**Q** 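The structure that follows is given in the form of structure tokens.
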Amino acid sequence: MTQIIPIPLKWSNAYLIKGERPVLVDTGSPNDTAGLLRAFQKAKIAPSDLALIVHTHGHHDHCGCTWEMKKLSKAPTAIHQMDRPMLQSGRNGRLIPTRFSAWLMKSVFEKERYKGLNATIIIKDEMRLDKFGIPAMLIFTPGHTVGSISIVTDAGEAVVGDLLMGGYLGGQLLKHRPRYHYYAYDLTVIHWSLKKLMRHNPQRLYVGHGGPLEAKTIINRFKKDIDF
Ligand SMILES: [Zn+2]
Ligand SMILES: [Zn+2]
């Protein structure tokens, strides 16, 4: 069995998935290391216990402390091959807003930087995580970035990064309401990924901002756009 522990950080959520060994999903924004370590302590996990650090995608608020966490844990790091250049360079690259409010912040986020590195494991498509102590499947769910991935546990929960977000004001308000993230390079690809993800039957989705989101509220919200 697995347990998903949300780690709310400065701008985003990271997650610990506890199985036989713990796996860290995303590492927050730059300077979130102290927040991560506090959450580890609370969960009685030492950084050296980590079997893997996996990234839902290459943005600065999801890879911001990977360099430090890798140094502390010596754990292997993983990212999808399409987002590998982001993690290597520590840059977000171009962002395409999904609504007007996101235009206002676009140039700020495009300039964000973090300390990049070469990932140990480059994900090509799907991958089981059993060898890292987690009965779960990692699947390719692009749309927010070209190399976004999600993790679905055999227990029926999923960590999906920025495929969707919960609520308003970065997830502060009505955080269980499913919405498109502020940025997506193509909404039709988001639809394709969401449909693919739902075929794995997750009941609850943990997102990078706000959440968690119940599967049935997602289906209700998006059924007019997606043929689930
Ligand atoms: Zn993102
Ligand atoms: Zn994010």
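Residue numbers start at 1 and run along the sequence shown. The model shown is predicted, which means the values in this text are computed figures rather than measured ones. For the numbers below, each heavy atom of this structure counts, side chains included, while hydrogens, waters and symmetry mates do not. When a ligand or atom number is given, it counts from 1 through the structure's own listing order.
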**Q** Suppose we screen for ring-ring contact (aromatic ring centres under 6.0 Å, His included). Which residues come up paired with Y114, at least two apart in sequence or across chains?
**A**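 Listed in chain order: nothing, the list is empty.
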**Q** Side-chain contact test, heavy atoms from C-beta onward, threshold under 4.5 Å: evaluate it for M198 versus I218 and give yes or no.
**A**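 Yes, at least one pair of side-chain atoms sits under 4.5 Å.
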**Q** Could you name each residue pair satisfying ring pair (Phe, Tyr, Trp, His ring centres under 6.0 Å) that touches residues 209-228, not counting sequence neighbours?
**A**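 Counting only pairs at least two positions apart or across chains, the ring pair (Phe, Tyr, Trp, His ring centres under 6.0 Å) contacts touching residues 209-228 are H62-H209, Y180-F222, H181-H209.
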**Q** Ignoring hydrogens, what is the shortest heavy-atom contact between A136 and I151? Give both atom names and the distance.
**A**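 Answer, listing the atom of A136 first, then I151: CB-CG2, 4.0 Å.
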**Q** Check the side chains of T120 and T77 for a donor-acceptor pair under 3.5 angstrom, ignoring hydrogens and angles.
**A**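 The answer is yes; a qualifying pair exists.
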**Q** Under 2.8 Å from the Zn ion (ligand 1), which protein N, O or S atoms are there? Could you list them by chain and number?
**A**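 N, O, S partners closer than 2.8 Å: H57 NE2, H59 ND1, H144 NE2, D162 OD2.
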**Q** Only distances under 3.5 Å count here; give the side-chain donor-acceptor pairs of residues 8-18 to other protein atoms, sequence neighbours excluded, each with its distance to 0.1 Å.
**A**
from	atom 1	to	atom 2	distance (Å)
K10	NZ	P30	O	3.0
S12	OG	D61	O	2.6
N13	ND2	Y15	OH	3.4
N13	ND2	V207	O	3.0
N13	ND2	G210	O	3.0
Y15	OH	V207	N	3.3
Y15	OH	V207	O	2.6

